[in-house]
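For the single chain, residues carry numbers from 1 onward in sequence order.
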Amino acid sequence: ETIMDQIRQLRFEDFKEEKLQQGYREVLERRWEPNIENEFHRHEFTADAIVIEGEFWLTVEGKTRHLNPGDSFHVPAQVEHKEKYGPAGCVFWVARV
């Protein structure tokens with residue numbers, strides 16, 4: 001485990017603690033393989049997230065955003081959306097409620 005891995009884990013714990021205090025029910029690290037694109041779909045949960053590594057394009061209600069490390073995004077429950085992940089894949093931390 002590298003120093004960067006340790007720092008990232010500490011930061012994830014901080015993110016998780018903050019989101020749980022805000023009332024989110026679960027906080028996860030999601031990893032996506034390179035160049036995956038999914039179809040429009042909906043979730044029963046609201047997602048509040050931050051990109052940690054890689055990049056992706058998020059399309060919500062007809063608008064597409066290109067997200068890079070440090071960018072955050074919010075997708076309300078039942079809102080139709082899709083993702084396309086970049087050539088290096090993507091890692092983001094997501095809080096769900």
What side-chain donor-acceptor pairs closer than 3.5 Å can you find for residues 55-62, not counting sequence neighbours?
unit_1	atom_1	unit_2	atom_2	d
Glu55	OE1	His66	NE2	2.5
Thr59	OG1	Thr64	OG1	2.7

Within this structure, what is the CZ-CZ distance for the pair Arg96 and Arg30, rounded to the nearest 0.5 Å? 5.5 Å

Residues forming a side-chain contact (heavy atoms from CB on, under 4.5 Å) with Glu44, sequence neighbours excluded: Gln78

In the single-linkage hydrophobic clustering (I, L, V, M, F, W, Y; side-chain heavy atoms under 4.5 Å), do Trp32 and Leu28 co-cluster? yes

Could I get the full list of side chain to side chain donor-acceptor pair (under 3.5 Å) partners for Asn35, not counting sequence neighbours? none

Beyond-backbone contact of His41 with His81, side-chain heavy atoms, under 4.5 angstrom: yes

Let me confirm one number: the CG-CD1 distance from Leu10 to Ile7, rounded to the nearest 0.5 Å. 7.5 Å

If you count heavy atoms of other groups shown closer than 6.0 angstrom to CD of Glu33, is the number above 12? no

Transitively linked via ILVMFWY side-chain contacts under 4.5 Å: Val94 with Val27? no

For the side chain of Asp14 and the backbone of Arg11, is there at least one donor-acceptor N/O pair under 3.5 Å apart? no

When every non-hydrogen atom of Pro69 is compared with those of Gly54, the smallest separation belongs to CD-O, 3.1 Å

Any side-chain heavy-atom pair of Glu29 and Arg8 under 4.5 Å: yes

Test your reading of the model: is there a side-chain donor-acceptor pair from Asp71 to the backbone of Val51, 3.5 Å cut-off? no

Consider only side-chain heavy atoms of I, L, V, M, F, W and Y, link residues closer than 4.5 Å, and tell whether Phe73 and Val97 are in one cluster. no

Parallel, tilted or perpendicular: which one describes the rings of Trp93 and Phe12, with boundaries at 30° and 60°? perpendicular

Transitively linked via ILVMFWY side-chain contacts under 4.5 Å: Val79 with Tyr24? no

Identify the heavy atoms of Ala88 and Pro34 that sit nearest to each other, and give their distance. C-CG, 4.1 Å

From NZ (Lys82) to CG (Asn38), nearest 0.5 Å: 8.5 Å

